[in-house]
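Notes for the one structure printed next.
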Amino acid sequence: MERTPIGDLRAHLDQTVMIKGWLHVLRDQKKIQFIVLRDKTGMVQITHWKPNDEKLAELISSLTTESALRVTGKVSDNPQVKLGGLEIQLESLAVENLAESPLPFEPFGEKDNLPALDYRLDWRFMDLRRTENLLLFQAQTTMEMALREYWVERGYIEMHSPKLMGSPSESGAELFELDYFETKAYLAQSPQFYKQMAMAAGFEGVFEIGPVFRADPSFTSRHMTEFTSIDLEISWIEDEDDVMSNQERMLQYAYQRVKDAHGDAIKEVFGLEIEVPQVPFPRVTMAEAHQILKEVGYQLPPEKKNDLDPGAERALGDYIKQKTGSDFVYITEWPFAVRPFYHMKKGDNLTRSFDLLANGLEITTGAQREHRYDILLEQAKEKGLTADPIQFYLDFFRYGCPPHGGYGMGLSRLLMVMMKLSNIRETVYLFRGPNRLQP
RNA sequence: GGGGGCGUGGUGUAGUGGCUAACAUGCGGCCCUGUCAAGGCCGAGACCGCGGGUUCGAACCCCGUCGCUCCCGCCA
């Protein structure tokens with residue numbers, strides 16, 4: 001007999017079916033036993049009248065919560081049953097894997113008793129059984145598929161760049177160093193150089209969704225040492241605004257797809273209405289941002305005169321939300337002083353670069369890149385870099401490299417913002433941080 | 001790396017100088033002709049992170065240490 005998903009049982013009334021799932025609840029009474037079985041698609045009540053089969057009744061009495069079961073029985077309509085108005089009259093039951101008791105914690109227990117995040121991460125497989133998490137990763141799957149649809153429709157090419165590198169790609173964030181035969185290698189902190197290479201290769205539009213590594217000992221609710229980066233790079237742009245308008249329409253599309261596929265479930269499980277953003281997103285230059293901060297009375301530390309700190313980003317997010325209703329805002333025209341050498345300058349001191357803030361959280365940095373070899377070399381020097389270790393990169397710009405730009409976006413940060421969750425460790429399958437390499 | 005907070009049965013909390021350390025949930029047992037996040041009764045389970053100190057007396061105060069956590073720095 002083929003397995004029937006629990007969510008489809010209504011279509012099998014009065015038939016004998018086989019279902020497989022986890023024992024959600026057992027109500028063991030004197031004459032009658034009720035098992036609530038759960039699979040990915042839903043839950044159903046299985047009823048067993050004990051005198052029908054005392055041996056089977058005994059087996060059922062010995063079952064533990066979360067055990068993996070295979071059950072056959074007849075589907076019957078019963079309006080009396082609060083769970084879907086139907087139940088299964090038990091015919092046979094097999095235990096695939098008996099759960100030990102007690103469980104490390106009750107994934108379906110009362111919300112107030114939910115263990116601390118760190119403990120749940122120790123037992124992540126159990127934590128992931130929670131409805132919230134199942135839905136979260138279903139939504140992530142839909143979102144990633146939507147992004148790929150958006151890009152593939154535009155003819156962009158998906159790339160998979162190496163994560164082992166012989167030299168650092170960008171300055172700034174720290175690199176993980178590892179032994180590589182007779183020499184040293186580094187884990188990629190970004191596919192930046194390689195996606196720009198694709199522009200020199202004539203691919204015109206590329207994207208990559210892949211892992212990146214940052215050796216920063218950051219102890220916050222929004223940093224990881226390994227995370228999935230969503231990267232895009234496109235050629236023949238006029239300026240950085242082409243990159244922004246490309247990204248915002250993509251995000252709008254992805255939000256719409258998630259809402260269409262999971263909107264009702266998200267509302268039920270998270271109590272959250274997915275809001276598809278309006279485009280274009282508001283755009284604020286760095287100079288305007290500082291003016292706004294002054295207006296709302298946010299004190300920026302003196303060393304941040306060219307920059308923003310997380311508090312300023314939250315204050316700007318609040319201000320924009322209040323003024324325009326938008327959760328998203330682009331901060332543009334960042335000073336060259338706080339940007340990497342390959343961002344194209346705008347005037348002497350500014351750049352054609354942007355950050356995207358969502359609910360006051362930085363989820364993207366992007367820019368038009370400097371594609372003119374001489375100027376790029378000059379800017380590298382200005383940042384104190386020597387050409388030698390990055391000559392392979394600089395060579396991209398010597399034989400006909402088109403103007404281009406792109407961005408990098410954190411997958412889990414995007415999900416965190418979309419689902420309004422306060423800790424990134426909730427939105428990643430397995431968290432990696434300075435103190436967490438297991439499981 | 002700097003700063004703040006927390007550390008009590010399996011889990012989540014209460015207790016902030018004098019208790020046999022409380023409650024919820026989970027676990028075990030019994031009761032209940034249909035329950036439904038079932039209900040009722042009974043029971044087991046914590047020397048209060050660890051080490052030292054103050055005190056007649058410490059879960060509670062002090063010092064150290066470890067762990068976790070949040071913020072800042074860094075960024076996605």
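Throughout, a chain's letter reflects where its sequence line sits, starting with A, and its residues are numbered from 1. Values below: every heavy atom of this structure, side chains too, minus hydrogens, waters and symmetry copies.
Residues A/Glu208 and A/Ser161 have side chains that bring a donor and an acceptor to within less than 3.5 angstrom of each other.
Computed from coordinates, the A/Gln80 CD to B/C36 C1' distance equals 10 Å when rounded to whole Å. At whole-Å resolution of the value, CZ in A/Arg214 and C1' in B/C74 are 10 Å apart. We find that CG of A/Leu117 is positioned 20 Å from P of B/C6, with the value rounded to whole Å. Rounded to whole Å, the distance from CG on A/Leu300 to P on B/C72 is 13 Å. Following rounding to the nearest Å, A/Asp122 (CG) and B/U69 (P) show an atom-to-atom distance of 10 Å. Counting to the nearest Å, the P atom of B/U69 and the CG atom of A/Leu121 are 8 Å from each other. Atom CH2 of A/Trp334 and atom P of B/C74 are 11 Å apart (whole Å). As rounded to whole Å, 17 Å separates atom P of B/U25 from atom CG of A/Leu103.
Where A/Asp28 and A/Asp309 meet RNA chain B, the nucleotide closest to each residue was compared, and A/Asp28 sits on the side nearer the 5' end. Toward the 5' end of RNA chain B, the nearer of the two residues A/Met409 and A/Asn435, judged by each one's closest nucleotide, is A/Asn435.
Annotation: B/G45 and B/G9 have their C1' atoms spaced 5 Å apart (nearest Å). A distance of about 36 Å separates the C1' atoms of B/G26 and B/G64, rounded to the whole Å. For the P atoms, the distance linking B/G10 with B/C27 amounts to 15 Å, nearest Å. For B/A24 and B/G39, the P atoms lie 13 Å apart once the distance is rounded to whole Å. For the C1' atom pair drawn from B/U8 and B/U13, the interatomic distance equals 9 Å after rounding to whole Å. Comparing B/U65 with B/C75, their C1' atoms sit 32 Å apart, to the nearest whole Å. Spacing of P atoms, B/G49 relative to B/U11, comes out at 13 Å, to the nearest Å. The P atoms of B/G51 and B/C66 are separated by 15 Å, rounded to the nearest whole Å.
Ionic pairing of A/Glu87 and A/Lys82 is not present here: no N-O contact between side-chain nitrogen and carboxylate oxygen is shorter than 4.0 angstrom. Electrostatic pairing of A/Asp327 and A/Lys321 counts as a salt bridge here, judged by a charged N lying under 4.0 Å from a carboxylate O. A/Asp242 has no carboxylate O lying under 4.0 Å from a charged side-chain N of A/Arg352, or vice versa, which leaves the two without a salt bridge.
Residue contacts for A/Arg314: at a heavy-atom cut-off of 4.0 Å it reaches the sugar-phosphate backbone alone, with no base atom in range. A/Val36 comes within 4.0 angstrom of nothing in the nucleic acid, heavy atoms only. Among the heavy atoms of the strands, none lies under 4.0 Å from A/Ser229. Across all strands, A/Asn78 comes closer than 4.0 Å to base atoms (heavy-atom distances).
Checking B/G34, B/U25, B/U33 against the side-chain heavy atoms of A/Ile32 singles out B/G34 as nearest. The listed nucleotides are B/U25, B/C75, B/C71; the one nearest the side chain of A/Phe219 is B/C71. Distances were taken from every side-chain heavy atom of A/Pro310 (C-beta onward) to each of B/C72, B/C32, B/U25; the shortest belongs to B/C72.
Both geometric conditions, a ring-centre gap below 5.5 Å and a plane tilt below 30°, are not fulfilled together for A/Phe105 over the base of B/G10. B/U35 has its base stacked against the ring of A/Phe34, the centroids being under 5.5 angstrom apart at an interplanar angle below 30°.
The ring of A/Phe207 has its center no closer than 6.0 angstrom to the ring center of A/Tyr156. Aromatic ring centroids of A/Tyr255 and A/Phe328 lie under 6.0 Å apart.
With hydrogens and angles ignored, a donor-acceptor pair under 3.5 angstrom links the side chain of A/Glu87 to the base of B/G34.
Taking only side-chain nitrogens and oxygens, A/Thr220 never comes nearer than 4.0 Å to OP1 or OP2 of B/C74. For A/Ser221, no side-chain nitrogen or oxygen approaches OP1 or OP2 of B/C70 to under 4.0 Å. Residue A/Arg222 places at least one side-chain N or O under 4.0 Å from the OP1 or OP2 atom of B/C72. Distances shown here put a side-chain N or O of A/Thr65 below 4.0 Å from the OP1 or OP2 atom of B/C27. Distances shorter than 4.0 Å separate some side-chain N or O of A/Lys30 from OP1 or OP2 on B/C32. Applying the 4.0 Å criterion to OP1 and OP2 of B/C70, one finds that A/Arg425 has a side-chain N or O inside that range. Between A/Asn423 and B/C70, a side-chain N or O to OP1/OP2 separation shorter than 4.0 Å is present.
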Which donor-acceptor pairs under 3.5 Å do side chains of residues 406-415 of chain A form with protein atoms, sequence neighbours excluded?
{"residue": "A/Arg413", "atom": "NE", "partner": "A/Arg222", "partner atom": "O", "Å": "3.0"}
{"residue": "A/Arg413", "atom": "NH1", "partner": "A/Glu362", "partner atom": "O", "Å": "2.8"}
{"residue": "A/Arg413", "atom": "NH2", "partner": "A/Arg222", "partner atom": "O", "Å": "2.8"}

Please tabulate, one pair per line, all N/O donor-acceptor pairs under 3.5 Å involving side-chain atoms of residues 92-110 of chain A, not counting sequence neighbours.
{"residue": "A/Ser92", "atom": "OG", "partner": "A/Thr72", "partner atom": "OG1", "Å": "2.5"}
{"residue": "A/Glu96", "atom": "OE2", "partner": "A/Arg70", "partner atom": "NE", "Å": "2.9"}
{"residue": "A/Glu96", "atom": "OE2", "partner": "A/Arg70", "partner atom": "NH2", "Å": "3.0"}

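Cation-pi check for A/Arg154 over A/Tyr150 is met; the charged atom lies under 6.0 angstrom from the ring centroid and within 45 degrees of its normal. With A/Phe431 as the aromatic partner, A/Arg425 meets the cation-pi criteria of under 6.0 angstrom to the ring centre and within 45 degrees of the ring axis. Taking the ring centre of A/Phe341 as origin, the terminal cationic atom of A/Lys381 falls outside the region bounded by 6.0 Å and 45° from the ring axis.
Within residues 38-59 of chain A, the residues that have a heavy atom under 4.0 Å from RNA chain B are, in order of number, A/Gln45.
A/Lys259 contributes a side-chain N or O that, together with a main-chain N or O of A/Ile274, makes up a donor-acceptor pair within less than 3.5 Å. One N or O on the side chain of A/Thr225 and one on the backbone of A/Arg432 form a donor-acceptor pair closer than 3.5 Å.
Taking 4.5 Å as the limit, every side-chain heavy atom of A/Ile6 sits out of range of all side-chain heavy atoms of A/Arg38.
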Under 3.5 Å, N/O pairs linking protein and nucleotides 12-15 of chain B:
{"residue": "B/G12", "atom": "OP1", "partner": "A/Ala116", "partner atom": "N", "Å": "3.2"}
{"residue": "B/G12", "atom": "O2'", "partner": "A/Asp112", "partner atom": "O", "Å": "2.6"}

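Contacts of A/His262 classified as ring-ring contact (aromatic ring centres under 6.0 Å, His included), with partners at least two apart in sequence or in another chain: none.
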The dot-bracket string of RNA chain B, counting Watson-Crick and G-U wobble pairs with both distances under 3.5 Å, using [ ] for crossing pairs and | for pairs to another strand, is ((((((((.[[[[.)..(...]]]].(((((.......))))).....[[[[[..)....]]]]])))))))....
